[in-house]
Amino acid sequence: MNGGPITRFAPSPTGALHPGNARTALFSFLLARGGGGRFLLRIEDTDVARDGEDHLAGQLADLEWLGMNWDAGPGREDGRGPYRQSGRAAIYREQYARLEESGLSYPCFCSAAELEVSRKTQLAAGQPPRYAGTCRGLDATARAARLASGRRPALRFTVPAGETIRFDDLVRGPQAIESASLGDFLIRRADGGAVFFFCNAVDDALMGVTQVLRGDDHLSNTPRQLLLLRALGLEAPRYGHLPLLLDPNGSPQSKRRGSVTVAELRSQGYLADAVLNYLLRLGHHGAPDGWIGREQMAGVFRPDHLGRAPARFDLAQLDHWQREAVRRLSAEQAADWLASEFPADWPRDQRLAAVALLKDNLRLPADAQSWFAVLDGELEPFAREDLAVVADAGAAFFGPALEAYAAIGPDLGRLAEELKRRTGRKGAALFRPLRIALTGRHDGPELAALLPAIPAPLVRGRFEKAAGMRMD
RNA sequence: GCUCCCAUCGUCUAGAGGCCCAGGACACAGCCCUCUCAAGGCUGGUACGAGGGUUCGAAUCCCUCUGGGAGCGCCA
């Protein structure tokens, strides 16, 4: 295993996958693929209270849907796993032991309440709320005494004093943080559970990850992990911190505010390739204009073309890629895409025919409903201006239309010719009333293709009805 | 509260001192094409958050402010 970058996506299954997470995953995935490396998936399920198997399953499904196939991860073990942190307790124990032996960590007996008081006091004094170091100086007897009183200690990392921690962020550039601004941070809970700072950093190192792309919110935590890894003698990956993805109104994405999830987009019928084309351009530039196929994405992605400013998730832009994606669907693919929308009794060939006809006029599967009704059902009520067009043409137009249709059939060219001859109408004046009477709307596929697709009795019925229409 | 990050059209962005009275894409408007919508072609409007510097010259460098965000958790 040499050469290419090893990247990972490390979600915690505490909720649904949001576009922001998906983008982070995508960039990591493309970074690995583009460099001939490996993409890992690690599940950070250390929060017993909030984690859920259903969330996990949902996120995995979303990732697979987007085509981000992980080289190693849950269900694809490779010897460096397990890839769920809940299964790595023994590994963490070993690392904790090393840290404790080296004297770079110490047991902390402070209770949540005590810490809270300390935090508030510091805040009130205009100080940043950092761990005060209460338990740092405890000697062996003091520790023994507390242990004897039944207190379960957590483990804290000893942050060295007076040091400047430097690292070169893949997207932010050189960073320098004073260790004095860091408090001794927790690395193991009192119940023995591993804490994010610890297991996240340790796992990246142990799994051989070379580049970590993650959210901006981890930027100021990075020095801690660097310190920790150094103390452990493990090699740190390079970090790149992506700006957050915002809701359309500019606020951070959150479940509370009802931010859209990947699962929602999928269930609405957005196509994975559309989402991918959009995500690739959010906070990342240099991709050529126009559609980019999945296979080309890795070649287009450039980590040095990552932006630093937060981007908003804009459905209008997604919709553009969605239309493009739908257009690129074959009839078979489009039929699958619309599978749940078709009238149940339509046979496959009818579905394919309908789809070929309508595809380019659809954005989401739900849009198909009214068109299926046009082909095989009741028209929706006409909009006022549409009704006016039909009423204006009236019986003088639809009477001949009925006769011509009976004589000629669904050949629009000949039908139009005949109608032009008999009514004197031509161009829009001829086609518009026809279209509206037939479909109940003024947009849609070519009439010449539409007409043969509508059963004759329906055509006759619609012409008859149109002949009697009046503005009310 | 303290520390850190960010700031160009409505949106995504290009721009690393003169090539920018700021370019592209999406969206929007108009025109062309056309039976309609879409697609396609053409045209148009709209942006460097504010104020100070530095410089012959600043969207680009510095400072302040404003706005937004993050971190400081026995959450991740």
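These figures come from a predicted structure and were not determined experimentally. Letters A, B, ... mirror the listed sequences (proteins, then strands); counts begin at 1.
Using C1' as the reference atom, B:rC65 and B:rG23 are 30 Å apart when rounded to the nearest Å. For the C1' atoms, the distance linking B:rU13 with B:rA47 amounts to 12 Å, nearest Å. Of the P atoms belonging to B:rA39 and B:rC26, the separation is 9 Å, rounded to the nearest Å. Here the separation of B:rG41 from B:rA27, taken at their P atoms, is 13 Å to the nearest Å. Nucleotides B:rG69 and B:rU55, compared at atom P, are 37 Å apart to the nearest Å. Spacing of P atoms, B:rC20 relative to B:rG71, comes out at 41 Å, to the nearest Å. When the P atom is used for both B:rG53 and B:rA59, the distance is 15 Å, rounded to whole Å.
Considering only the side chain of A:L186, B:rC74 comes nearest among B:rC72, B:rC74, B:rC5. Looking at the side chain of A:D47, the nearest of the listed nucleotides B:rA76, B:rC74, B:rC72 is B:rA76. Side-chain proximity of A:H320 to B:rC26, B:rC75, B:rU11: nearest is B:rC26. Nearest to the side chain of A:L244, among B:rC74, B:rA70, B:rC12, sits B:rA70. Minimum atom distance to the side chain of A:A309 is reached by B:rA7, of the listed B:rC74, B:rA7, B:rC72. Proximity note for A:A154 (side chain, C-beta onward) versus B:rC2, B:rA25, B:rC74: the nearest is B:rC74. Nearest to the side chain of A:N361, among B:rC75, B:rC37, B:rC35, sits B:rC37.
Salt bridge annotation for A:E44-A:R214: absent, with no cationic side-chain nitrogen under 4.0 angstrom from a carboxylate oxygen. Under the 4.0 Å criterion applied to side-chain N and carboxylate O atoms, A:D360 and A:R327 are not assigned as salt-bridge partners. Salt bridge absent: A:R421 and A:E417 never bring a charged side-chain N and a carboxylate O closer than 4.0 Å. A salt bridge links A:D203 to A:R88: one of the charged nitrogens lies within less than 4.0 Å of a carboxylate oxygen. By the 4.0 Å N-to-carboxylate-O rule, A:R151 lies close enough to A:E114 to be salt-bridged with it.
The partner of B:rA38 is absent, by the rule that a Watson-Crick or G-U pair needs both atom distances under 3.5 Å. Summarising the base pairing, B:rG51 is matched to B:rC63 through a Watson-Crick or G-U wobble pair whose two defining distances lie under 3.5 Å. Across all strands shown, B:rU46 forms no Watson-Crick or G-U wobble pair with both key distances under 3.5 Å. B:rG71 and B:rC2 make up a base pair, with Watson-Crick or G-U wobble contacts both under 3.5 Å. Base pairing annotation: B:rC26 forms a Watson-Crick or G-U wobble pair with B:rG10, both donor-acceptor distances under 3.5 Å.
Counting any heavy atom pair closer than 4.0 Å across all strands shown, A:T46 reaches sugar-phosphate atoms only and no base atom. Among the protein residues, A:Y278 comes within range of no part of the nucleic acid, since none of its heavy atoms lies under 4.0 Å from any strand. A:Q317 comes within 4.0 angstrom of a base, heavy atoms only. Here A:P243 lies out of heavy-atom contact (under 4.0 Å) with every strand. Counting any heavy atom pair closer than 4.0 Å across all strands shown, A:E446 reaches a base atom. Counting non-hydrogen atoms under 4.0 angstrom, A:R323 reaches nothing in the nucleic acid. Heavy atoms of A:N221 sit under 4.0 angstrom from at least one base atom. Contacts of A:A112 with the nucleic acid, taken as non-hydrogen atoms under 4.0 Å apart, are absent. Residue A:R152 is out of contact with every strand shown, counting any heavy-atom pair closer than 4.0 Å. Looking at heavy-atom distances under 4.0 Å, A:H442 makes contact with a base. Counting non-hydrogen atoms under 4.0 angstrom, A:S181 reaches nothing in the nucleic acid. A:G126 comes within 4.0 angstrom of sugar-phosphate atoms only, judged by non-hydrogen atoms across all strands, and of no base. Counting any heavy atom pair closer than 4.0 Å across all strands shown, A:R327 reaches sugar-phosphate atoms only and no base atom. Counting any heavy atom pair closer than 4.0 Å across all strands shown, A:L447 reaches a base atom.
Side-chain contact between A:L219 and A:Q175 is present, with heavy atoms from C-beta onward closer than 4.5 Å.
Here A:F313 and A:Y278 bring their ring centres to under 6.0 angstrom of each other. For A:F27 and A:F301, the ring centers sit closer than 6.0 Å to each other.
For B:rC2, the OP1/OP2 oxygens have no side-chain nitrogen or oxygen of A:R130 closer than 4.0 Å. Checking the phosphate oxygens (OP1, OP2) of B:rA76, a side-chain nitrogen or oxygen of A:R189 falls inside 4.0 Å.
Judged by atom type and distance alone, A:R308 does not reach the base of B:rC6 through any side-chain donor-acceptor pair under 3.5 Å.
A:F313 has its CZ atom 20 Å from the C1' atom of B:rG69, to the nearest Å.
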